[in-house]
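From a predicted model like this one, the values you see are computed outputs, not experimental measurements. In what follows, chains carry the letters A, B, and so on, assigned in the order in which the sequence lines appear, proteins first and then strands, with residues in each chain numbered from 1.
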Protein chains: 2
Amino acid sequence: MKPAELTQTISDTLPALRKSERKVADFVLKNPMQLIRMRIVDLAQEAEVSEPTVVRFCRAVGCHGFQDFKLALAQQLAASPSYGQIAVTEGDSTREYTHKVFDSTIDTLLKVRESLEIERLDSAVAAICTAERVEFYGFGASAAVAFDAQHKFFRLQITSAAYSDPHLQNMSATSLHSGDVVVAISQSGRTRALIDSMELVKQAGGIVIAIAPSGSPIARNASIAIEVDAKEDIKIYTPLSSRIAHLAVIDVLAIGVAKKKGPQLQQHLQKLQEGLASLRSP
Amino acid sequence: MKPAELTQTISDTLPALRKSERKVADFVLKNPMQLIRMRIVDLAQEAEVSEPTVVRFCRAVGCHGFQDFKLALAQQLAASPSYGQIAVTEGDSTREYTHKVFDSTIDTLLKVRESLEIERLDSAVAAICTAERVEFYGFGASAAVAFDAQHKFFRLQITSAAYSDPHLQNMSATSLHSGDVVVAISQSGRTRALIDSMELVKQAGGIVIAIAPSGSPIARNASIAIEVDAKEDIKIYTPLSSRIAHLAVIDVLAIGVAKKKGPQLQQHLQKLQEGLASLRSP
DNA sequence: AAATTCGTGTAAAAAATTTACAAGAATTAG
DNA sequence: CTAATTCTTGTAAATTTTTTACACGAATTT
């Protein structure tokens, strides 16, 4: 039993359930949190059915029994904490919206983690390792991601740059050599200027790795598309969790490159760390 | 019973436990995953103690009984998936280290979420809302965080800037007015140049909000310290999850400010969004 | 060295879950 | 439209699982 999608499974199974079992399903979907502290008799009473019906319901959704079901549900709820209602609302207290921001971020990360295509990541790491230059392009909120990436890869002894200015991007793109890599980062996946830059990169023989929503123009035009779909809290109109998902993807690439570079890199990083120590107060 | 820290609680309680109970604790800490599918008799057998001892152990760590304990453990494990061994190792496949990067990031976020001081966040939001200017200072990896924050708050109609150059920081700091806010972001919490800038800010009558490790010089010298402790994967020497935690904190502040600014801000954001649409391909 | 406290297991009781079965509702075929 | 069959649901019993009560042995203190 994989807990990741239990509530989903329940919803899917709903039409195939019998009338009384559906009563159980309704209650479960409405009060998943409560359920964790309930015994089978309580649930039977609340849903106005008999205990065996509850067991039959649990079996119907793929669990071995009631305990198994409860455990699976508990796990799912713990994994995506504010399941169902992560949008921040007017009346939220500071504690509430703080939790919601973190929870929705975690939620996004869990979703993205599952949806990443491993082969694409491998190709991307391989491309970065063989490139002479690696550049990161992004606008708006993705600019910060690009600079973060530049900083990270620079530390890994990769000649890297980050540009959030379309002119600089274009100038740099035309000077790339065959095999060089550009990582195009976009939350919308449809920023025109970025698409233009990508075109120039490809003309120069460069490889474009895109971190963008699946099926978006930027993902489609890339040599290697790492598709990241992060639903945003629309009401706020400021990208919240998706750029964090992008950063996590960058981290994965960085780790991949670090692994490929092997042990001599460790020494380099060690030295860097020691160098930085002198800039710090004791 | 808060599941967030059960294994931690077990470790903490360890010295206070009796010999046979400790056997149970050892087994639990070593095989937390397995335990979820075990009954009390199985655990008793594996740990080579009697069943009542297991129950006593559960009570000792603050749970109501064995079931309660199992549930709490299941929740914690679901929340921090690769609990215990998130460090990336040589032999990891791409799939494995990808998961580990995401999991450790999630782990960090969960920990930070619990440790944040709500009152500090409230003070910080209040200070930002009343300030005429808000600036973000950070070096290295925190520079990207600073720029991200600048971008975010700029969208919220806050006059904001971000500097990752100590000279620019100092120049800007001296020109601040009373009540203006500087957010100092640091992963080490001991960058000398940043401490110097903070001093200038305070001399100019500005408020310094620090996002830094607890107890660090930067946290101690700040007007409002938002303490973020994110353990890093030391082997890689490149900040991984802590900057993501910092970004999440920035998000929380941004949401707080957005809420305080109220509905007229929504219209502004809507307009911004529409403006950006023209830069995108259809 | 004796007494008391503490720790642990055995065995019995209680609680909870699951199975077996039967009664009633619904549906379909005659 | 009625009868038969199938499907649905609950009652009650059986089983499993957990918890409590108690007693014995070890350890510690006076």
Worksheet item: What string of B, S and - do you get for nucleotides 8-14 of chain C, 5' to 3', if B is base contact, S is sugar-phosphate-only contact and - is no contact with any protein heavy atom under 4.0 Å?
Response: BBB----
Worksheet entry | By side chain to side chain donor-acceptor pair (under 3.5 Å) - contacts of R95(B) (at least two apart) | none
Fill in: Pairwise side chain to side chain donor-acceptor pair (under 3.5 Å) hits with a residue in residues 116-125 of chain A, at least two apart
D122(A)-T94(B)
Fill in: I226(A) vs L253(A) side-chain heavy atoms within contact, under 4.5 Å
yes
Worksheet entry | OP1 or OP2 of dT17(D) under 4.0 Å from side-chain N/O of Q67(A) | no
Practice prompt. Would you mind reading off the distance between R59(A) atom CZ and dT17(C) atom P, rounded to a whole angstrom?
Written response: 13 Å
Discussion item. Output the rounded distance in Å from CD1 (I40(B)) to P (dA16(C)).
Written reply: 14 Å
Fill in: Length of the line joining M38(A):CE and dA16(C):P, which is rounded to integer Å
13 Å
Fill in: Rounded to 10 degrees, the angle between the two terminal axes of the helix from dA1(C)-dT30(D) to dG30(C)-dC1(D), each from five pairs
10°
Worksheet entry | Length of the CZ-P vector between F69(A) and dT17(C), whole Å | 13 Å
Worksheet item: Expressed in angstrom and rounded to an integer, what is the separation of R39(B) atom CZ from dT15(D) atom P?
Response: 16 Å
Practice prompt. Would you check if R243(A) and D251(B) make a side-chain contact, meaning some heavy-atom pair closer than 4.5 Å?
Written response: yes
Fill in: Exam field: side chain S142(B) to backbone V145(B), donor-acceptor pair closer than 3.5 Å
no
Item to complete: Just grab all the ring-ring contact (aromatic ring centres under 6.0 Å, His included) pairs involving residues 44-63 of chain B, residues at least two apart or on different chains.
Response: F57(B)-F69(B)
Fill in: Nucleotide dA16(C), atom P - distance to CG of D68(B) in whole Å
13 Å
Worksheet item: For N31(A), what residues pass the side chain to side chain donor-acceptor pair (under 3.5 Å) criterion, not counting sequence neighbours?
Response: none
Discussion item. Using whole Å, what does the distance between atom C1' of nucleotide dC7(D) and atom CG of L17(A) come to?
Written reply: 15 Å
Discussion item. Measuring only between side-chain heavy atoms, which start at C-beta, is K23(A) closer than 4.5 Å to F27(A)?
Written reply: no
